[in-house]
Number of protein chains: 2
Amino acid sequence: MTVTETETTTGTGADTCAGPPQGDRRPDGADKYTISEVVALTGLTAHTLRWYERIGLMPHIDRSHTGQRRYSNRDLDWLALVGKLRLTGMPVADMVRYAELVREGDHTYTERFELLKQTREDVLSRIAELQGTLAVLDRKIGFYADAGRALASERAR
Amino acid sequence: MTVTETETTTGTGADTCAGPPQGDRRPDGADKYTISEVVALTGLTAHTLRWYERIGLMPHIDRSHTGQRRYSNRDLDWLALVGKLRLTGMPVADMVRYAELVREGDHTYTERFELLKQTREDVLSRIAELQGTLAVLDRKIGFYADAGRALASERAR
DNA sequence: TAGAACCCTGGAGTGCACTCCAAGCAAGCG
DNA sequence: CGCTTGCTTGGAGTGCACTCCAGGGTTCTA
């Protein structure tokens, strides 16, 4: 059996909870997107897409007969994952590491698994941090609201 | 009445949920910390503390008779808030803006209130984003776990 | 009172994640 | 055919948030 990143393609499993709508996908087999279409679909800039490729964060993208990039649905899936990981604050270098593991094939299975689990832990603690911050903000906002009411009743006198 | 940032000092209100222990505070009135003590208490570097001051993110810190910085409990409170805001991803420039509002006094009350409420909204949506990411990670981790079981049972055969 | 450890300043340097540029090829349209 | 728009490349530039340095003064401990 083969453990690759195909599970997110439209055939194998529903792409549950993929943030923004990001419909407008062409059916698999007819999935050839120019870079500007991917820009529209992902919100990234063309610069960034090319840069991702240069640093090894993207696999080598198909090219048209004249050398222009033609992205596939699978590439879009990968970009969606990268987008998710990016907003956890994961450094690009770590994502490149993960991409390398995927390229290297089956025998990196365990390492990928561990990396994902570690990332999951990181996300959980980030959420906890943010909830701590939320508590501080709420306390402060409550203070300002009280002060506001006091000022208002002062004015009313 | 005066709306300043005194509410977090030890006198006025319990400092609920201030992340790490950060005890080791001296009582108000005897609260004079050298920069290296603040480094130990906050985890920031001395460079960063001086830089915060230069860019206006800190009020002007008291100095000893020879010009060395002497931080107060209130300064530590402010740094704790800054730390919280920092890990929401708020840009330093925005925190400087907030610090300016505090320095400008009462008449910036409403603007500060709005800024805090906006920040609260930002934190909430960041948490939501992270939970979306968590769902993606869990799906992926589930996939890897299944693949792992499949591999294991293959080997068992 | 000597030496180590700490603190001061302005300004330069670093690492990250883009972001842009120039110069040139390619594709579609009137 | 000419024009506009889009895509290509390597390399340079940008903005942010630190991070460090040189060269000097200060404070603590033996």
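Per chain, numbering begins at 1; letters A, B, ... match sequence-line order.
No donor-acceptor pair under 3.5 Å is formed between the side chain of A/Thr48 and the backbone N or O of A/Leu44.
The side-chain hydrogen bond (donor to acceptor under 3.5 Å, both in side chains) test applied to B/Asp31 returns no partner, not counting sequence neighbours. With sequence neighbours excluded, no residue satisfies side-chain hydrogen bond (donor to acceptor under 3.5 Å, both in side chains) with A/Arg54. Annotation: side-chain hydrogen bond (donor to acceptor under 3.5 Å, both in side chains) contacts of A/Thr66 (sequence neighbours excluded): A/Ser64. The side-chain hydrogen bond (donor to acceptor under 3.5 Å, both in side chains) test applied to B/Gln118 returns B/Asp122, not counting sequence neighbours.
Near-neighbour residues of DNA chain C inside residues 59-71 of chain B, defined by a heavy atom below 4.0 Å, number-ordered: B/Arg63, B/Gly67, B/Gln68, B/Arg69. Sorted by residue number, the members of residues 43-56 of chain A with any non-hydrogen atom under 4.0 Å from DNA chain D read A/Arg50, A/Arg54.
Summarising the geometry, the separation between CE on A/Met90 and P on C/dC18 is reported as 14 Å, rounded to the nearest angstrom. Atom C1' of nucleotide D/dT5 and atom CD1 of A/Ile35 are separated by 15 Å, given to the nearest angstrom.
Environment of NE2 in A/His60: sparse, with no more than 12 heavy atoms of neighbouring residues, nucleotides or ligands closer than 6.0 Å.
Using a 4.0 Å cut-off between charged nitrogen and carboxylate oxygen, A/Lys84 and B/Glu129 do not count as a salt-bridge pair.
Judged by distance alone, the side chains of A/Arg70 and A/Tyr33 never bring a donor and an acceptor atom under 3.5 Å apart.
Relative to the side chain of A/Pro91, the nucleotides C/dA17, D/dC18, D/dC7 differ in distance, and C/dA17 lies closest.
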